[in-house]
Amino acid sequence: MGTITLKKGKEESLKRMHPWVFSGAIASTTGEFNEGDLVEVKSFNGEFLGVGHYQIGSIAVRILSFTERKIDKSFWEERIKAAYTLRQKLGLTHSDSNNTYRLVHGEGDNLPGLIIDIYGDSAVMQAHSVGMHYVRQEIAEVIVDVIKEVKNVYYKSETTLPYKATLTDGGKEDGYLIGGCDGEPVSTENGLKFHIDWLRGQKTGFFIDQRENRALLEKYSKGKDVLNMFCYTGGFSCYALRGGAKTVDSVDSSAKAIDLTNKNVELNFDKETQDRHHAFAIDAFKYLDDIKDKYDLIILDPPAFAKHRSAIRNALQGYRKLNAKAFEQIKPNGIIFTFSCSQAIDKEQFRLAVFSAAAQSKRKVRILHQMTQPQDHPINIYHPEGEYLKGLVLYVE
Ligand code: SAH
């Protein structure tokens, strides 16, 4: 195994169990290693700090273990079992009303570079590092060993692996590593059913991270005219309908998303309830221009406006503009559920953007709830960067 030795003083964050080694912290290397290989990381004084996957880029090593140990199948098994134990404790694994949950949330489960989502008897796995890509088959085998219900493992990393990576084992095509699934898989979340299209959909096919926030929205929906902006598969729309909303309008710029939303509404509700729902494939900013006093409840869950730190300024402008439009248009005494999933923007920055939008509209605005990601997207306390989803429920007079 190759070794990476850090510059003097650069060992501190690793000693505090932060799992990333930045390329600028490296003093020297010994031995030969390629992208995706395991490397040992040592301090300037030669002290062992950790072992992890090497990658070309600003994050040079993602640490898997801070103690000296072999990274083999039994290691993956131990970590995946630990992740599964947490989901069992959370009541997510054997529930009649829910079989949709995140099994592995990267650094939050001490498995940097790896995401695994569970949809009933299928797991969808995503590698964000070349190292995780190389062990994908081993990990797939561990998943079906640890979770008896899982029969299929689909690998979906074409868009998440570094695009410049040269892979020594034949490419990064998406596909089943174990089993296979015909037809259209349906998964259950809090008693509602959803078609999950992991082959063509965004992320692993569904935004599991909004589960708790959708449940909160349901409680606010009774008798309301609801607008679900950036609806994707219509998660919030279905909860609002079940919560007794008078009408629900779903908006997304993607026609495919609108089809999925309509299909999911049909899957869950009778004709009469379906008639209370309408979906529009149109740009959010355009749609928000012309809805004065039409809605009592507006959900704003846009895609990450800042995918990198360099985009923070523009992203904050984007959040301000979007929220300002909602503040201008919402009925008196209305409620806004507003979110940001940009990891590069923290909750204070997001709140400030929403504050500016509120101030611009000159309406009285109060915060009723502060929302975050659910428990199956845990934040490793030593890796605060893992906190990415933030949201506010606002009362607008
Ligand atoms: N709220 C969703 C997830 C939203 S993902 C859920 O609970 O599952 C973001 C969505 O925004 C995507 O479906 C994308 O197609 C849509 N989108 C991106 N830009 C948009 C725009 N300018 N106007 C409308 N929708 C947009």
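Indexing begins at 1, ligand by ligand and atom by atom, following the structure's order. Positions are given from 1, in the same order as the sequence printed here.
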Task: Member of Val354, Ile335, Leu368, Ile298 meeting the side chain to side chain contact (heavy atoms under 4.5 Å, CB included) criterion with Leu394 - done: Val354
TODO: With a 4.0 angstrom cut-off on heavy atoms, strictly below it, pick out the residues next to ligand 1 and order them by chain and number.
DONE: Gln202, Phe207, Arg214, Phe230, Cys231, Tyr232, Phe236, Asp252, Ser253, Ser254, Ile282, Asp283, Ala284, Asp301, Pro303
Task: Polar side-chain atom of His369 near backbone of Met371 as donor-acceptor pair, under 3.5 Å - done: no
TODO: Tell me yes or no: between the side chains of Ser23 and Ser58, is some donor less than 3.5 Å from an acceptor?
DONE: no
Open item on the list: Looking only at the aromatic ring of each residue, does the gap between the centers of Phe339 and Tyr319 stay below 6.0 angstrom?
Closed with: no
TODO: Measure centre to centre between the rings of His277 and Phe269, then say whether the value is under 6.0 Å.
DONE: no
Task: Phe194 and Phe206 aromatic centres sub-6.0 Å - done: yes
